[in-house]
2 protein chains.
Amino acid sequence: MSIQSVQRAVAILRCLSGSRRLGVSELSEQLELAKGTIHGLLSTLRDEGFVEQDADTGKYQLGHALLELGTSYLDVNELRQRALARADWLAQKSQCSVRVAVLRGGNALIIHHVFRPDNSLQILEVGSNLPLHATALGKALVAQAGLEPRVWPRLTKNTQTDNAKLEAELQLTREQGWALEAEEAVLTEAGVAAPIFDRKQEVIGSIGISGAVRELLIDDAPKAELVQLVLEAARHISRELGARLLG
Amino acid sequence: MSIQSVQRAVAILRCLSGSRRLGVSELSEQLELAKGTIHGLLSTLRDEGFVEQDADTGKYQLGHALLELGTSYLDVNELRQRALARADWLAQKSQCSVRVAVLRGGNALIIHHVFRPDNSLQILEVGSNLPLHATALGKALVAQAGLEPRVWPRLTKNTQTDNAKLEAELQLTREQGWALEAEEAVLTEAGVAAPIFDRKQEVIGSIGISGAVRELLIDDAPKAELVQLVLEAARHISRELGARLLG
DNA sequence: AAACAGTATTCGACATTATCGAACACAGAC
DNA sequence: GTCTGTGTTCGATAATGTCGAATACTGTTT
């Protein structure tokens, strides 16, 4: 049994997430609900801090409470807790940007991000969704379970969009225990990632490094010492989560 | 008027935000509500991705949708916030009026406006809607996604109303990375604009300069240094928003 | 200046909808 | 085996949220 008004409140938030700022009438039209209904939902969401109302125009946009609960979600996540220390360690050892991802809704959701340890301008990617077929983190996440054949978007000229070849690549990933991505999502950038297991020996996340091609690869193959570092980090976190790994 | 079930759903999220993981009974006790009520709310929240249920224990914790909406909240304010400084910079460098727009409801909505730095009488255009087919800001907004063929209003004798020619112009915009408008909306006025990307590599806005034809154009082409300034401003804001640009 | 077209908001009647509480199924402990 | 805990299902009840018209307000147009 689903509660209608909660569903509708969520639908409003999703609409606001798409567009930047919407009014009662626009939402009423988009969701095909009476203006009074929308207004009631919006004003309770406003009281709770889930949306904010522009003082001038009266229009609504997303509110701060979502950000607070969003970061709270990160705190709750057990994988993230365990990964914090190891991610720092990996960033120091590899001198690369480190990211930790989980599988959520057909994407790789970034739940932790450590900047490359130089002082360059970088942006926190926590909360971003990455495609599964064109990132090392994504491949590491789904290598065990496999991927349903579908039409994959082409992001660069190197993006693998053929389901058979993708499956072959996932099998290689499964066998060697780590995943590679070379300019498949963004030109000039590459990544190496490995899966993280829980106590049920199931993949619950992945950790990986990313950076410029020339820093990670030699002759289209990742530097061996970097692969070892990633694997070591992933195995360490897996053990902390209760996984019993072979070897 | 406040909607009870939404308030209760939020209360559940707040409880879960405090504790790490809670069950139906615990929540029922804390919020003094029947277990069935809590269960109904929780299962709709689960379907929406706002909470996740542990497969083993059946207990609930916060879900990934909160993180996604939370980062979405950041994006809403970030575009305007990041654009503020760069818009001033662009106005100083170009000595032109600068405007920042987002796509909303089939129009280019102005969300920021810096006057031409010359003390002349000008009108604040924030909040006004510009047509997509006859403005540089509009073309920059829709060049990536394309435009549905429709009947466009003719604003001046130079307004492009032919769908095929408009599409060709958008393709040119896409290829060169910036858009031009010359007396298509208002006679004697021209504009140059470039798209702003977010971390999903999607166009979330555009920034551009506008002014008299004789100030912006030479022989029907925009001055090269002005185009470079606009591109530099747009790229700078995009990078600050997390976009990873090619080249 | 006045009528207009937009807003967001309020309000009351209606019946849809969420609530309650008991009964259920399953798990682990003793 | 019982017992106590869990999360879940179900049906009767009325409280609740919904609708749509009416409102107040703002800015624009005539």
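If you're wondering where the values come from, they're calculated on a predicted model, not measured in any experiment. Naming: A, B, ... by sequence-line order, numbering from 1 per chain.
Taking CD of Glu169(B) as the reference point, atom CZ of Arg174(B) lies at 12.0 Å (rounded to 0.5 Å). How far CZ of Arg80(A) is from OH of Tyr73(A): 10.5 Å, rounded to the nearest 0.5 Å.
The His39(A) side chain lies nearest to dT9(C) when the options are dT18(D), dT9(C), dG7(D). Side-chain proximity of Lys35(B) to dA8(C), dG7(D), dT18(D): nearest is dG7(D). You'll find that the side chain of Ser25(A) is closest to dA8(C), out of dC19(D), dT9(C), dA8(C). For Gln4(B), the listed nucleotide lying nearest its side chain is dG17(D); candidates were dG17(D), dT9(C), dT6(D). Set against dA8(C), dG7(D), dG17(D), the side chain of Gln53(B) has dG7(D) as its closest nucleotide.
One N or O on the side chain of Ser238(A) and one on the backbone of Ala234(A) form a donor-acceptor pair closer than 3.5 Å. Formation of a donor-acceptor pair under 3.5 Å by the Ser43(B) side chain with backbone atoms of His39(B) is found in this model. Side chain of Ser206(A) to main chain of Leu137(A): a donor-acceptor pair is present (N/O by atom type, distance under 3.5 Å, no hydrogens or angles).
As rounded to whole Å, 10 Å separates atom P of dG20(D) from atom CG of Leu33(A). Across the protein-nucleic acid pair, Leu42(B) atom CG and dT19(C) atom P stand 12 Å apart, rounded to whole Å. Atom CD1 of Ile3(A) is separated from atom P of dT16(C) by 18 Å (rounded to the nearest Å). Computed from coordinates, the Leu31(B) CG to dA18(C) P distance equals 18 Å when rounded to whole Å. Atom pair Ile12(A):CD1 and dA8(C):C1' shows a separation of 14 Å (rounding to whole Å applied). We find that CD of Glu52(B) is positioned 18 Å from C1' of dG7(D), with the value rounded to whole Å. The distance from atom CZ of Arg21(B) to atom C1' of dG7(D) is 15 Å, rounded to the nearest whole Å. Remark: P of dT9(C) and CD of Glu26(A) are 13 Å apart, rounded to the nearest angstrom.
For Glu48(B), the side-chain contact (heavy atoms from CB on, under 4.5 Å) criterion is met by Gln7(A), Val10(A), Arg14(A), Phe50(B), not counting sequence neighbours. Leu84(B) meets the side-chain contact (heavy atoms from CB on, under 4.5 Å) test with His112(B); sequence neighbours excluded.
The neighbour count for Arg150(B) CZ, taken as heavy atoms of other residues, nucleotides or ligands under 6.0 Å away, is above 12.
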Practice prompt. Give the C-alpha distance, both sets of side-chain angles, the deciding distance and a yes or no for side chain to side chain donor-acceptor pair (under 3.5 Å) between His113(B) and Ser97(B).
Written response: CA-CA 8 Å; His113(B) 182 194; Ser97(B) 166; 3.1 Å; yes
Worksheet item: Given Ile237(A) and Leu79(A), is the side chain to side chain contact (heavy atoms under 4.5 Å, CB included) satisfied, shown in steps?
Response: CA-CA 8 Å; Ile237(A) 298 168; Leu79(A) 168 60; 4.1 Å; yes
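Note on Arg8(A): every side-chain N or O is 4.0 Å or more away from OP1 and OP2 of dG17(D). Between Thr37(B) and dC20(C) there is a side-chain polar atom (N or O) within less than 4.0 angstrom of OP1 or OP2. Not one side-chain nitrogen or oxygen of Ser5(B) sits closer than 4.0 Å to the OP1 or OP2 atom of dT16(D).
When each of Gln144(A), Glu202(A), Arg235(A) is checked for a side-chain contact (heavy atoms from CB on, under 4.5 Å) with Phe197(A), only Gln144(A) meets the rule.
Between its two ends, the helix from dT17(C)-dA14(D) to dC30(C)-dG1(D) turns its axis by 0°, counting five pairs per end and rounding to 10 degrees. Note that the two end axes of the helix from dA1(C)-dT30(D) to dA15(C)-dT16(D) enclose an angle of 10°, each drawn from 5 base pairs, rounded to 10 degrees.
Take the nearest nucleotide of DNA chain C for Tyr60(A) and for Ala34(B): the residue whose nucleotide is more 5' is Tyr60(A).
Residue pairs that meet the salt bridge (Lys or Arg N to Asp or Glu O under 4.0 Å) test with at least one member in residues 57-72 of chain B, sequence neighbours left out, are Glu26(B)-Lys59(B).
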Item to complete: Can you check each nucleotide of nucleotides 25-30 of chain D against protein heavy atoms at under 4.0 Å and return B for base, S for sugar-phosphate only, - for none, in 5' to 3' order?
Response: ------
